[in-house]
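To keep things clear, I will list the structure first and then write my remarks on it.
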2 protein chains.
Amino acid sequence: MLTERNMRMTRQRKVILEELRKMNNHPSADELYERVRQYLPRISLGTVYRNLEVLSELGEIQKLEISGTLKRFDGNPKKHYHIRCMNCGRVDDAPLDFMKNIENSLLGATKYKIMGHRLEFIGLCPECFEQVSARWQGKKLKIGS
Amino acid sequence: MLTERNMRMTRQRKVILEELRKMNNHPSADELYERVRQYLPRISLGTVYRNLEVLSELGEIQKLEISGTLKRFDGNPKKHYHIRCMNCGRVDDAPLDFMKNIENSLLGATKYKIMGHRLEFIGLCPECFEQVSARWQGKKLKIGS
DNA sequence: TTACTTGCAAATCGTTTGCGATATA
DNA sequence: TATATCGCAAACGATTTGCAAGTAA
């Protein structure tokens with residue numbers, strides 16, 4: 001990440017991107033794998049993972065890191081938000097008041113029964129910002145078709 | 001979850017809660033495990049996990065499910081928010097405009113370099129709401145000391 | 001006394017990676 | 001032809017679980 005990349009538009013990559021674009025249900029890698037196998041029966045799950053990684057680095061798709069299995073715990077049971085360092089994983093409290101009304105703004109607009117929300121800021125902690133900014137190369141990448 | 005629970009205040013549970021309350025760095029289960037071992041050298045990692053689960057169900061602590069390894073992918077690269085069903089894991093887009101200014105509100109207040117944010121609503125999809133509400137028992141639980 | 005909880009070890013699950021083979025540019 | 005990418009299988013890391021023994025209420 002944050003590095004230059006030469007990429008090739010392989011058959012696998014193309015099908016993965018096309019299939020994902022067709023779906024509107026935010027599939028997991030495994031669900032997408034099952035779909036893609038209709039067209040490429042010999043594709044491997046590892047290939048799907050690798051391509052999703054590449055495509056999201058290029059900004060062609062989004063990776064939703066939600067509801068993960070790696071948990072962190074907070075001794076403070078009061079609702080509040082967090083900032084996470086994208087480099088070292090450090091987590092701090094975010095200096096922003098809890099927005100207790102934000103859930104109401106969905107009231108007529110969704111059929112879900114809303115139970116809560118989670119807001120997380122992503123960034124670089126002061127220490128990592130030093131390191132990363134020192135070696136950052138802002139190269140733009142383009143994707144073929 | 002969502003079920004009644006009789007709990008006992010064991011030595012392990014007490015130390016885990018006390019230690020976590022002392023820490024302000026949002027530890028992972030493993031980090032907490034290392035700390036607790038100072039007091040209870042024979043405690044197992046499984047016990048730490050089980051207790052953290054119980055304590056968060058009781059509302060004594062918070063479980064931060066961030067930055068997880070379980071990913072989902074979105075063919076739409078435009079920034080937007082999501083609603084996730086806490087019962088079946090289904091994910092839909094949230095009908096809420098992207099708040100492009102919210103990151104600015106942290107500007108003077110944190111030393112982090114903010115790169116983005118993620119907002120996720122948690123709730124029950126229409127199907128699961130049916131099921132769950134049918135068998136919900138709203139029992140309050142208390143924790144000893 | 002009893003059923004909740006523990007320590008231990010094995011199992012699980014999503015994801016990542018090393019390898020030699022393949023195919024894109 | 002170069003080397004990015006592939007398929008495969010093994011490795012990985014966090015978490016969960018089965019079980020027999022221990023213990024709080």
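Quick note on labels: first sequence line is chain A, next is B, and so on, each numbered from 1. Here the structure is a predicted model, which is why all the values come from computation and not from measurement.
Defined by atom type and a distance below 3.5 Å, a donor-acceptor pair is missing between the side-chain atoms of A:D93 and A:Y81.
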Enumerate all atom pairs, one protein N or O and one N or O from nucleotides 19-24 of chain D, separated by less than 3.5 Å.
{"unit_1": "D:dA24", "atom_1": "N3", "unit_2": "B:R8", "atom_2": "NH1", "d": "3.3"}

Problem set entry | side chain to side chain contact (heavy atoms under 4.5 Å, CB included) between B:V36 and B:E18, intermediate numbers included | CA-CA 9 Å; B:V36 167; B:E18 282 171 358; over 6 Å; no
Problem set entry | Derivation and outcome, side-chain hydrogen bond (donor to acceptor under 3.5 Å, both in side chains), residues A:D74 and A:H80 | CA-CA 10 Å; A:D74 192 335; A:H80 60 281; 2.7 Å; yes
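Summary for the helix from C:dT1-D:dA25 to C:dA23-D:dT3: the axes at its two ends, each from 5 pairs, differ by 40° when rounded to the nearest 10 degrees.
What separates CD1 of B:I43 from P of C:dA9 is a distance of 16 Å, to the nearest Å. Put simply, OH on A:Y33 is 14 Å from P on D:dC6, counting in whole angstrom units. What separates NZ of A:K14 from C1' of C:dT24 is a distance of 13 Å, to the nearest Å. The distance from atom CD of B:E53 to atom C1' of C:dT5 is 15 Å, rounded to the nearest whole Å. If you measure from atom CG of B:D30 to atom P of D:dT16, you get 13 Å, rounded to the nearest angstrom. Rounded to whole angstrom, the span from the CG atom of A:L52 across to the P atom of D:dC6 amounts to 11 Å. For B:R42 and C:dC8, the CZ to C1' distance is 9 Å, given to the nearest whole Å. Distance B:L40 CG to C:dC8 C1': 16 Å, rounded to the nearest Å.
Atom-to-atom distance recorded for B:Q62:CD and A:K79:NZ is 9.0 Å, nearest 0.5 angstrom.
For the pair B:R84 and B:R90, the minimum side-chain heavy-atom distance is 4.5 Å or more. The closest side-chain heavy-atom distance from B:M115 to A:F129 is not below 4.5 Å.
Base contact: A:L45 has a heavy atom under 4.0 Å from a base atom.
Nearest heavy atoms, A:V48 versus A:I16: CA-CD1, 3.9 Å. Considering all non-hydrogen atoms of both residues, B:P95 and B:I83 come closest at CD-CD1, 4.2 Å.
Listed pair B:T47 / C:dG7 meets the phosphate criterion, a side-chain N or O lying under 4.0 Å from OP1 or OP2. Of the side-chain N and O atoms in A:N51, one or more sit less than 4.0 angstrom from OP1 or OP2 of D:dC6.
For residues 8-31 of chain A, the set of pairs meeting the ring-ring contact (aromatic ring centres under 6.0 Å, His included) definition, not counting sequence neighbours, comprises A:H26-B:H82.
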